[in-house]
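In what follows, a single structure is set out as structure tokens and then discussed.
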Amino acid sequence: MIDTTALFGRLTLDAFKHDMIETAVGVSALLIGIAIMGLLTYYKKWRWLWYDWLTSVDHKKIGVMYLIVSTIMLFKGVVEALMMRAQQVLSVGDSYGYLSSPHFQQLFTAHGTNMIFFVAMGLTFALINFLVPLQIGARDVAFPFLNSLSFWLFAAGAALLVISMNIGAFSAAGWVAYPPLSGIEYSPGVGIDYWIWSVQISGAGTLLSGVNFLVTILNMRCPGMTLMKMPLFIWSILIVLVLIIFAFPILTATAGMLSLDRFFGTHFFTPDAGGSPMMYVNLIWAWGHPEVYILIMPAFGIFSEIVPVFSEKRIFGYVSMVWAMAAIAFFSFLVWLHHFFTMGAGANVNAFFAFMTMIIAVPTGVKMFNWLFTMLRGKIHFTSPMLWFMGFVVIFTIGGMDGVLMAVAPVDFQVHNSLFLIAHFHSVIIGGVVFGLFSGFTYWWPKIFGFKLNEKLGEYAAFCWIFGFLLAFIPLYILGLMGATRRLDHYELSTGWRPLFIVAFAGAFVIAIGIFFQLLQILISFRDRKKNADRTGDPWNGRTLEWSTSSPPPFYNFAVIPEVHERDAFWAMKHGSHGEGKPCYEQIHMPKNTAIGVYIGAFSFLLGFAAVWQILWLAIVGFIGIMASLIVRLSDRSTDTYVAVEEIEKIEEERGRA
């Protein structure tokens, strides 16, 4: 008998054996991948894909690649949600539905991990990449290669999550992986290891991005743009980056300690030798609650740009908005324990964290009133970006109010670990984060791709999402109060819960119709892109600097770096406060494309996969590949290029004729 452990570690043929549903999904994904590669080969686009996109360090193209990967992961997450809701409708009484309990728990965990780390964070960084340099009047980010590397680490983490459902299994311990369930004793398989490495690799990319964009905002603003003249979206991102830099090392350390417990038998989180599972819970939420605000803060910034544009007014209370976001960031590190009021911390500790949780609602309320006062007596245009904002006002307010309700410890004791909590979390994340991102991408779509989206289909999508959400999650509030817990894949008919689960599934189906309208919107808009082309660079009568460039912007962003004299700089330029003189072009310094980010991402994927399956030789290959790639990059002295004045003049003349 040949021992294959040295060659394949824990990986055996059993890792490829799955039920029919998992097999069908895996085969479908494989066929789609083969079809895409076939099309690229048929149309001879491999060279274009490699040189123009995959190896690009252009922040705008990296933003589009974040958007593509996150959109794929969004569809994955939506399918998982529909599958779970269908199981809860069918698995009642003597019927056990169509999913096994382990498969359901994997879906539950994969859905949460996917939507937080690879959808919400990915879409957020898509907008950050595209907009931050443009809004601060910069030509690129501070460290272009680091930006490429961050994306490819994100993509490697996403790839590990995707393959886990077809090679082995993903974690079934929930998206925050509480021990002892996530320990080696109760989860001896590879699922937790997939979770650890997908989160660690993508988290490293997030931390690098945080440093990169923080330096970009602090050091690369155009002349005249002081901190208090920055757009509020930039303020929101600046605060998010500070949160990332302080919070994500906690996640890295926590997942690292869990990995050491599993691989080397340490006892950080196991009580056998003095470890404590409660230490893990404290650490994961010391990261996790700032993470909630890392996700929601960009949405606040997006709405702070959109509401003034479509109200034709300056934002009400700019300074108070800045301080409100700063206060939210500060308090976000002081509320983590409200996630486990029920775990015996004591009345005094619970009272402190309950008070801090209620306090954090105050600056959030300030922002809500600022947006509403901006609309007051304004000339409001109810475009699709504004419809997403109106949906946000309703649903996020519901989520915020029941969040304050759960800050009361006795109430939390009643609804803890119930579907009430799930409904609250989704009200905040979907009503706030997702609606904010959808609003932002609809608003900035013509700037990113050069053509506007179909407004009518966008309105249909917004209405389906808003009413579908209410239909899908209001029943969960009621079910939570009736005692239905999360992770529930079977219940008895006598509970009387089934009608509400049916209503919730119907709501999820309405949301799916909304997604269909979004897909149709993109397809039809792409078909009509010449008719809907943005030839002015300013289709919404915008107020900030990104609208002063062509759509899409040239690779160097600005032929001449703008000079800012007041807030809403482009609005001031258009209305003659500080007009532009005759441009005087100079050669522009730009970074060269590089494939090193792709290579490090690929080797990181191999290292993560090898660690999951304990394949020592492959882990060594991955590690050496990462180190060699870094050495090659650090040894390269030819990483820059210059754009000649003649080329700039030619591009700008073509832009002027358009």
Side-chain angles (χ1 to χ4, degrees), residues 11-43 45-46 49 53-54 64-87 98-100 102-123 126 151-172 175 189-191 193-195 197-199 201-202 508 512 515-516 518-519 522-523 598 601-602 604-606 608-609 612-613:
L11 183 61
T12 65
L13 289 176
D14 289 338
F16 298 89
K17 295 178 181 178
H18 295 88
D19 61 35
M20 289 183 62
I21 295 172
E22 291 172 313
T23 302
V25 170
V27 170
S28 299
L30 182 62
L31 292 175
I32 291 171
I34 292 171
I36 292 172
M37 289 189 289
L39 289 172
L40 288 169
T41 303
Y42 180 79
Y43 288 105
K45 291 293 185 180
W46 283 107
L49 181 66
W53 286 92
L54 301 184
V64 172
M65 290 192 289
Y66 266 110
L67 174 60
I68 292 169
V69 173
S70 298
T71 301
I72 293 170
M73 301 303 280
L74 173 61
F75 285 121
K76 177 181 181 294
V78 170
V79 170
E80 289 164 344
L82 288 170
M83 291 176 68
M84 288 188 289
R85 288 288 170 262
Q87 171 70 7
Y98 70 104
L99 293 175
S100 66
H103 191 181
F104 183 92
Q105 299 306 325
Q106 286 181 55
L107 284 176
F108 178 90
T109 305
H111 175 76
T113 305
N114 176 47
M115 297 302 282
I116 295 296
F117 290 99
F118 300 108
V119 176
M121 289 296 290
L123 291 175
F151 166 73
W152 286 108
L153 290 175
F154 168 82
L160 274 176
L161 174 58
V162 169
I163 69 163
S164 68
M165 303 297 279
N166 294 103
I167 304 177
F170 195 63
S171 166
W175 74 274
V190 298
D193 302 316
Y194 267 125
W195 180 87
W197 285 97
S198 64
V199 165
I201 292 172
S202 65
I515 294 171
F516 167 76
Q518 287 175 296
L519 283 174
I522 292 171
L523 291 173
V598 185
S604 298
F605 172 83
L606 289 180
F609 185 82
V612 168
W613 291 101

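Keep in mind that the numbers below use all heavy atoms, side chains included, and drop hydrogens, waters and symmetry copies.
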With a 6.0 Å cut-off on the ring centroids, do F118 and F154 count as close? yes

_Main-chain N/O of L161 paired to S164 side chain as donor or acceptor, under 3.5 Å_ = yes

Heavy-atom nearest pair, M115 first then G77, reads SD-CA, 3.8 Å

- Item | Flag side-chain contact, heavy atom, 4.5 Å: I163 against Y194 | yes

Closest non-hydrogen contact found for F170 with S198 is CE1-OG, 4.4 Å

Query raised in the report: Counting only N and O atoms by type, is there a donor-acceptor contact under 3.5 Å from the side chain of Q87 to the main-chain atoms of Y98?
Result: yes

d(I116 CD1, S202 OG) to nearest 0.5 Å is 12.0 Å

Closest non-hydrogen atoms of H18 and I167, given as atom of the first, atom of the second and distance, are CE1-N, 4.1 Å

Taken to the nearest 0.5 Å, the spacing of F117 CZ from I201 CD1 works out to 13.0 Å

Do V79 and K76 have side-chain heavy atoms sitting under 4.5 Å apart? no

All heavy atoms of E80 vs all of H111, minimum pair found to be OE1-CA, 3.1 Å

CH2 of W53 to CD1 of I68, rounded to nearest 0.5 Å, is 6.5 Å

Would you check if I515 and Q518 make a side-chain contact, meaning some heavy-atom pair closer than 4.5 Å? yes

Q) Would you find more than 12 non-hydrogen atoms of other residues, nucleotides or ligands less than 6.0 Å from L39 atom CG? A) yes

(Q) In the structure I gave you, are the side-chain heavy atoms of W197 and V190 within less than 4.5 Å of one another anywhere? (A) no

Correct closest heavy-atom pair for L99 and H103 would be CD2-ND1, 3.5 Å

* Asked: With a 4.5 Å limit on heavy-atom distance, are the side chains of F16 and L11 in contact?
  -> yes

Interatomic distance, CD1@I34 vs CE@M37, rounded to 0.5 Å, equals 5.5 Å

In terms of heavy-atom contacts, F108 and M84 come closest through CA-SD, 3.5 Å

Task: Side chain to side chain, M73 and V162, heavy atoms closer than 4.5 Å - done: yes

Under 3.5 Å donor-acceptor, S70 side chain and L67 backbone: no

Exercise. Looking only at atom types and distance, does a side-chain atom of N114 sit under 3.5 Å from a main-chain N or O of V119, one as donor and one as acceptor?
Worked result: no

Between the CG atom in L123 and the CG atom in L74, the distance rounded to the nearest 0.5 Å is 7.0 Å

| Derivation of the side-chain contact (heavy atoms from CB on, under 4.5 Å) call for E22 and D19 | CA-CA 6 Å; E22 291 172 313; D19 61 35; 3.4 Å; yes

Interatomic distance, OG1@T71 vs OH@Y66, rounded to 0.5 Å, equals 14.0 Å

Note to self: Do V612 and F609 have side chains that approach each other closer than 4.5 Å (heavy atoms only, starting at C-beta)?
What the structure shows: no

